[in-house]
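Just below is one structure, and these are the notes that go with it.
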Amino acid sequence: MAISVWRCSLTRVRAMWLNKRCLSLYNSSHGFNETEIKEKLANFPGGSVDLTKGANGIAELCVNNSSRMNAFTGTMMIQLEEQMSELESWQDGKGLIVYGAGNTFCSGSDLKAVKAISSPQEGIMMCMFMQNTLTRLQRLPLISVALVQGKALGGGSELCTACDFRLMAPESEIRFVHKQMGLVPGWGGAARLIHLIGSRNAFKLLSSTAKVDPEYALKIGLADEVLNCVDDRSLEEAHKWLSTYTKGSPAVNRALKKVILSGREQKLEDALRTEKDIFGTVWGGPANLEALSKAAKHK
Ligand SMILES: CCCC(=O)SCCNC(=O)CCNC(=O)[C@H](O)C(C)(C)COP(=O)(O)OP(=O)(O)OC[C@H]1O[C@@H](n2cnc3c(N)ncnc32)[C@H](O)[C@@H]1OP(=O)(O)O
């Protein structure tokens with residue numbers, strides 16, 4: 001009995017490790033040493049990244065460092081990575097809302113930590129670590145939404161581009177301030193921004209470091225909706241918005257996200273093949289059989 005439990009958990013750990021390796025961009029073959037950068041990041045504590053998984057299949061991920069406008073400390077970067085493993089293995093999950101504590105989104109990386117990891121080699125390691133994590137966020141089999149209240153600055157603006165959708169509360173702003181810091185985005189924000197709004201609009205936002213308000217964000221396709229509410233009520237509003245897109249079984253919702261991902265990331269022929277494989281996982285499945293038995297009409 002004890003041996004079979006041990007084998008089972010060993011298989012689960014191995015599956016999680018393989019999954020993580022497949023979903024990440026960088027591993028040791030790219031000169032990336034995850035253990036080393038985690039040890040370094042652990043020296044910059046503070047704040048937390050809190051995950052709440054709802055019984056309705058919707059999770060909330062809260063970036064919480066309110067005394068520093070939710071800036072990412074080293075330990076928060078590590079926690080964000082750990083929460084991705086938790087979400088990747090959540091079979092009942094359908095959706096995710098990423099938001100910041102205290103009615104503001106996130107002011108990027110903690111400037112104190114950034115100062116201490118200032119060598120280009122360490123900067124590149126931190127950048128690889130965060131790109132891995134945010135790529136895994138983007139590739140979660142969940143419909144993800146960034147709820148932007150207050151400010152999303154620097155790395156915070158990059159974080160919101162890793163979600164499938166962005167909802168902006170009144171008076172909120174997204175701002176790629178990197179150039180003013182003598183930087184360019186490094187957490188994958190530039191590449192994702194170009195996919196979202198095109199290279200000309202992305203060029204303008206990155207080179208001017210302009211504040212993007214909800215109305216302009218909606219106009220250029222950076223935001224998907226301008227919410228009516230501020231403070232805690234905007235989280236409720238975000239849940240309501242998301243519920244339109246997460247109806248139905250987790251298996252079908254997750255399959256849907258996977259076909260969108262393959263269409264987004266793969267070449268057409270490969271995406272078509274992946275779509276066929278994913279189709280095979282839902283065809284004749286419980287949700288399909290139930291719909292057929294009800295002879296559903298779509299009037
Ligand atoms: C590849 C990633 C690249 C990056 O993310 S680089 C970092 C980019 N982010 C920044 O430069 C943000 C710098 N902060 C600001 O511009 C302003 O603090 C901000 C966010 C507009 C808020 O302004 P205010 O509302 O006036 O509030 P405040 O300035 O008094 O801030 C409240 C406390 O929060 C702190 N804070 C804000 N952003 C921080 C950050 N990123 N790292 C470390 N601490 C940060 C700020 O220092 C202040 O603390 P304290 O009260 O002085 O002890």
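Atoms within each ligand, like the ligands themselves, are counted from 1 in listed order. This one's a predicted model, so the numbers in the text were calculated from it and none came from an experiment. Throughout, residue positions are numbered sequentially from 1 according to the sequence presented.
Contacts of ligand 1 (protein heavy-atom distance under 4.0 Å) are S67, R68, M69, A71, S107, G108, S109, D110, L111, K151, L153, G154, G155, E158, V177, H178, M181, W187.
Remark: R273 engages no residue in a side-chain hydrogen bond (donor to acceptor under 3.5 Å, both in side chains) (not counting sequence neighbours). I260 meets the side chain to side chain contact (heavy atoms under 4.5 Å, CB included) test with R264; sequence neighbours excluded. Residues meeting the side-chain hydrogen bond (donor to acceptor under 3.5 Å, both in side chains) test with K211, sequence neighbours left out: none.
Between E290 and K294 there is a salt bridge, since a side-chain N of the basic residue sits under 4.0 Å from a carboxylate O of the acidic one.
E88 pairs with exactly one of Q83, R139, R136 by the side chain to side chain donor-acceptor pair (under 3.5 Å) rule, that one being R136. A side chain to side chain contact (heavy atoms under 4.5 Å, CB included) with S157 is found for exactly one of R175, H178, E173, namely H178.
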